[in-house]
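One structure is given here, and the rest of the page talks about it.
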Amino acid sequence: MADFSFNDLLERRDVDLGSSRLVRHDWRALEAWRYSRTRFEHFVSFQKFGNSSPYRGAKIAFQFLPMGGSNSLFVGAHKILDEWESPPELRQPKLYDPTSKYEKDDTLHFRYDLERLETFEDLVGRVVIDWGAGTRAWSQWAARREKPILEMRAIQQDDAFPGFSAFSSTIEEVSLLPQGWQGALASVRGVYLLVCPKTGEQYVGSAYGEDGFMGRWLSYAANGHGGNRLLITRRPVNYLVSILEIASPDMSTSDIVHRETAWKTKLGSKAHGLNAN
């Protein structure tokens, strides 16, 4: 599929590449999408003021969400009908969702009237592209960037769970994982690894509560430290998270803690990492 690009697909559907932008949103948009498409479309109708607005000068925006690495999932195409500064004009966008918490009434920003481009509704949630190395360039003119299509799914679906040994994520993204993934992670206990993305320092911990790994990691997401003494003294960061060992169903809490200690010794996380004991 890599020899077929997203631009090829657009041209087959008579889209003017010169007036179209490809927009790869961040985890906040992913969180809105996981909640509902309505909330996502509300979210993308509000943008920061200035030249960095992803829709400036475009007639159509093709929306994408991050999937890990540079992979990106297509989640809709929108005609850009109108743009205005708010304040002073406080009218709500066409796709405004009154139940959403995301609004910027107190700061200068752009608002947009967006309308779904119906000719691309059949591809929502089905097309995966490679955005390329420059993921920080999150809004790009379609005519200037070829994006290889990596996958064309038969139906809209979540990615398959990669397995416990291959799983990796970040603390901030744990709550955004597909429900099937969250269920799998909540069903098992064991030993996990946190890595500071800034320093590379490691923290070894264990999950033995009712909600397994999922419950333990959500506590880090809530307060940045999960109650750990050494982490409490540090500024919160978005730790990388992975699984070192899955506990067998018959292992006791003390057995899991013993395995945690063994991994601390093996990785040296007490002497050179973030474990205080």
Side-chain angles (χ1 to χ4, degrees), residues 25-34 65-72 133 135-136 158-249 251-277:
H25 298 278
D26 62 12
W27 64 270
R28 295 170 301 168
L30 178 59
E31 182 178 40
W33 174 264
R34 295 282 188 208
L65 291 174
M67 295 181 61
S70 60
N71 290 6
S72 308
T135 54
R136 289 191 176 184
D158 287 327
D159 291 335
F161 183 64
F164 298 113
S165 61
F167 171 82
S168 65
S169 186
T170 68
I171 289 300
E172 289 182 357
E173 293 177 348
V174 164
S175 65
L176 308 179
L177 295 172
Q179 289 299 313
W181 293 33
Q182 293 190 35
L185 293 167
S187 70
V188 293
R189 304 173 301 157
V191 184
Y192 60 86
L193 179 69
L194 302 183
V195 179
C196 176
K198 296 182 179 180
T199 66
E201 293 173 291
Q202 299 179 337
Y203 175 88
V204 174
S206 58
Y208 44 78
E210 183 177 349
D211 292 321
F213 288 112
M214 195 68 199
R216 189 71 188 100
W217 295 338
L218 287 176
S219 69
Y220 289 103
N223 59 27
H225 54 72
N228 296 304
R229 286 187 294 164
L230 190 54
L231 299 187
I232 289 174
T233 66
R234 297 168 59 91
R235 294 180 64 121
V237 298
N238 187 21
Y239 292 102
L240 307 175
V241 60
S242 59
I243 294 172
L244 295 173
E245 183 177 337
I246 297 293
S248 62
M251 286 181 71
S252 66
T253 296
S254 60
D255 290 335
I256 296 174
V257 172
H258 177 75
R259 294 303 304 151
E260 174 190 357
T261 301
W263 277 103
K264 289 176 183 177
T265 301
K266 182 180 291 188
L267 297 177
S269 62
K270 291 176 64 175
H272 307 290
L274 298 175
N275 285 106
N277 55 39

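Given the structure is predicted, the values throughout are model-derived calculations rather than measurements. Computation of the quantities below employed the complete heavy-atom set of this structure, encompassing side-chain atoms and omitting hydrogens, waters and symmetry-equivalent molecules.
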Output the distance between atom [atom1] ([X]) and atom [atom2] ([Y]), rounded to the nearest 0.5 Å.
X    : Y    : atom1 : atom2 : answer
L176 : S169 : CG    : OG    : 8.0 Å
R28  : E172 : CZ    : CD    : 11.0 Å
S175 : W27  : OG    : CH2   : 8.0 Å
S165 : L244 : OG    : CG    : 11.5 Å
Y239 : L274 : OH    : CG    : 5.5 Å
L30  : H25  : CG    : NE2   : 11.5 Å

Where do [X] and [Y] come nearest, in terms of heavy atoms and distance?
X    : Y    : value
K264 : N275 : CE-ND2, 3.4 Å
L193 : Q202 : CD1-CB, 3.8 Å
V237 : P197 : CG2-CD, 4.1 Å
F167 : S242 : O-CB, 3.7 Å

When you compare the side chain of [Y] with that of [X], does any pair of heavy atoms fall below 4.5 Å?
X    : Y    : result
C196 : R234 : yes
L218 : D211 : no
W263 : K266 : yes

R189 side chain to A247 main-chain N or O, any donor-acceptor pair under 3.5 Å? no
So, does E260 use its side chain to make a donor-acceptor pair with the main chain of V191 at under 3.5 Å? no
Using a cut-off of 6.0 Å, state whether more than 12 heavy atoms not belonging to Y192 lie near its atom OH. yes
Quick check on side chain to side chain contact (heavy atoms under 4.5 Å, CB included): which of V174, I171, V241 does Y220 satisfy it with? I171
